[in-house]
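For clarity, every value in this text was computed on a predicted model and none was experimentally measured.
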Amino acid sequence: MPEIPPRGWGRIARSEAWRVAAASVAFGAVFSYPMLLRLFQASEQNDWDFESQLMWAPYYTVVHFHQLPLWNPWKCGGMPLLGNPQSRFVTPFFLLHWLLGVMAGVHLSVMLHLAIAWAGGYVLARVIGLGPAAAVAAATIFPASSWFSLHIGEGQIHLMAFAYLPWFIALMLMPPERGFAIPAICAGGLLALTFGEGGAEVAVYSAPLIGVLATYEAARKRSLRPMLFLAAAASFGVGFVAVKLLPVVSLLRERGRVPWGLAWIMWHDLPRIFFARNQEAIALHDRFFIEFGNYISP
């Protein structure tokens, strides 16, 4: 029998990996340059004040009081900080806040998350067998759409955790010869990182897509491996982030609130969402794009 060529992941050489790393950082810098030009200046409009206080409180607690940031005394007369599902300091990126300050840290985090999203899209494309040129296109489409720019510009920083989604799917779709345990452990780490960065909402929104892909792969390969992978990744993720997950569950059980409202779109909104070139929500005084804009350039 002829030898089956390795899938894309097996063809990524070390030199290609270095080029991908350099290209991803360049992409992140190009798509976040307004933030890099005002690295230490505060962003205050719209949701930035809400998100900033969730970053400022742990920074001030660590830097000035030299304590673990378990409690936020500056909000609502005092409330849990570790148990707040949207707090985002259980992450290595908190080191940037600690060393450079909150604004510089979060602005650099935006650049790095865009780079992570681009590199993840490239690796995912190679895992499913695409060539380098097609992988560049696949890597660019996801983080270059207006969705990231609109939400980050609005200040919804916790949604940056979507950058880990391509990596998680790539780990799930890896060929069997790559093993099972290491990809599952890495995927669990990505789940923990998502939750640690305040991305509980990201995990909820990503779950249907991941579930559909895993079900399709299981049916296509007639194997339970994708389902076992999800179970293992979830187990590792819960274990890794239990230090935050347990306080969050306790807080929501005692002080859970009903969502403040619903948002939806109609079929006739789709052309506007994907093809309207001007989606500057603030300039247009149109908050529709902040929630739904997803322009993809031809």
Just how far is it from atom [atom1] of [X] to atom [atom2] of [Y], taken to the nearest 0.5 Å?
X: Leu165; Y: Ile116; atom1: CG; atom2: CD1; result: 13.0 Å
X: Ser146; Y: Asn294; atom1: OG; atom2: CG; result: 5.5 Å
X: Phe168; Y: Leu124; atom1: CZ; atom2: CG; result: 12.5 Å
X: Trp48; Y: Ile152; atom1: CH2; atom2: CD1; result: 8.0 Å
X: Met111; Y: Ser24; atom1: CE; atom2: OG; result: 9.0 Å
X: Leu82; Y: Leu246; atom1: CG; atom2: CG; result: 9.5 Å

Sorted by chain and residue number, the side chain to side chain contact (heavy atoms under 4.5 Å, CB included) partners of Ala23 (sequence neighbours excluded) come out as Trp118
Full working for side chain to side chain contact (heavy atoms under 4.5 Å, CB included) between Phe93 and Leu112: CA-CA 9 Å; Phe93 289 100; Leu112 294 174; 3.7 Å; yes
Cluster question for you: counting only ILVMFWY and a side-chain heavy-atom cut-off of under 4.5 Å, with indirect links fine, are [X] and [Y] together?
X: Val106; Y: Val202; result: yes
X: Trp267; Y: Phe289; result: yes
X: Leu130; Y: Leu171; result: yes
X: Val249; Y: Val241; result: yes
X: Leu95; Y: Met55; result: yes

So do the side chains of [X] and [Y] get within less than 4.5 Å of each other, counting heavy atoms only?
X: Ile169; Y: Leu209; answer: yes
X: Glu16; Y: Tyr122; answer: yes
X: Met172; Y: Glu217; answer: no
X: Leu96; Y: Ser109; answer: yes
X: Arg272; Y: Phe275; answer: no
X: Ser87; Y: Lys244; answer: yes
X: Phe162; Y: Tyr205; answer: yes
X: Gln86; Y: Phe50; answer: yes

Which heavy atom of [X] sits nearest a heavy atom of [Y], and at what distance?
X: Arg225; Y: Pro175; value: NH2-O, 4.3 Å
X: Val127; Y: Ala170; value: CG1-O, 4.0 Å
X: Ile128; Y: Ala125; value: CG1-O, 3.2 Å
X: Leu81; Y: Phe89; value: CG-CE2, 3.8 Å
X: Gln156; Y: Ile290; value: NE2-CG2, 4.4 Å
X: His97; Y: Arg88; value: CE1-NH1, 3.9 Å

For atom CH2 of Trp98, is the number of surrounding heavy atoms from other residues, nucleotides or ligands below 6.0 Å larger than 12? no
Could you tell me whether Tyr216 atom OH has more than 12 heavy atoms of other residues or ligands within 6.0 Å of it? no
Contacts under 3.5 angstrom, residues 185-199 side chains, donor-acceptor by atom type, not counting sequence neighbours:
| unit_1 | atom_1 | unit_2 | atom_2 | d |
| --- | --- | --- | --- | --- |
| Thr194 | OG1 | Leu190 | O | 2.9 |
| Glu197 | OE1 | His113 | NE2 | 2.9 |
| Glu197 | OE1 | Tyr164 | OH | 3.4 |
| Glu197 | OE2 | Thr91 | OG1 | 2.9 |
| Glu197 | OE2 | Tyr164 | OH | 2.7 |

When the side chains of residues 227-236 are checked against the rest of the protein, which donor-acceptor pairs come out under 3.5 Å, sequence neighbours left out?
| unit_1 | atom_1 | unit_2 | atom_2 | d |
| --- | --- | --- | --- | --- |
| Ser235 | OG | Ala231 | O | 2.9 |

Under 3.5 Å, which donor-acceptor pairs link side chains of residues 61-80 to any protein atom two or more places apart or in another chain?
| unit_1 | atom_1 | unit_2 | atom_2 | d |
| --- | --- | --- | --- | --- |
| Thr61 | OG1 | Ala57 | O | 2.8 |
| Asn72 | OD1 | Trp74 | N | 3.1 |

Partners passing ring pair (Phe, Tyr, Trp, His ring centres under 6.0 Å) against Tyr59 (at least two apart in sequence or in another chain): none
Test side chain to side chain contact (heavy atoms under 4.5 Å, CB included) on Asp49 and Gln53; report intermediate values, then the result. CA-CA 6 Å; Asp49 55 349; Gln53 55 88 16; over 6 Å; no
Using modelled atom types and a 3.5 Å cut-off, is there a donor and acceptor pairing between side-chain atoms of Ser206 and backbone atoms of Ala203? no
Only distances under 3.5 Å count here; give the side-chain donor-acceptor pairs of residues 29-39 to other protein atoms, sequence neighbours excluded, each with its distance to 0.1 Å.
| unit_1 | atom_1 | unit_2 | atom_2 | d |
| --- | --- | --- | --- | --- |
| Ser32 | OG | Gly28 | O | 2.5 |
| Arg38 | NH1 | Ser43 | OG | 3.1 |
| Arg38 | NH2 | Ala42 | O | 3.1 |

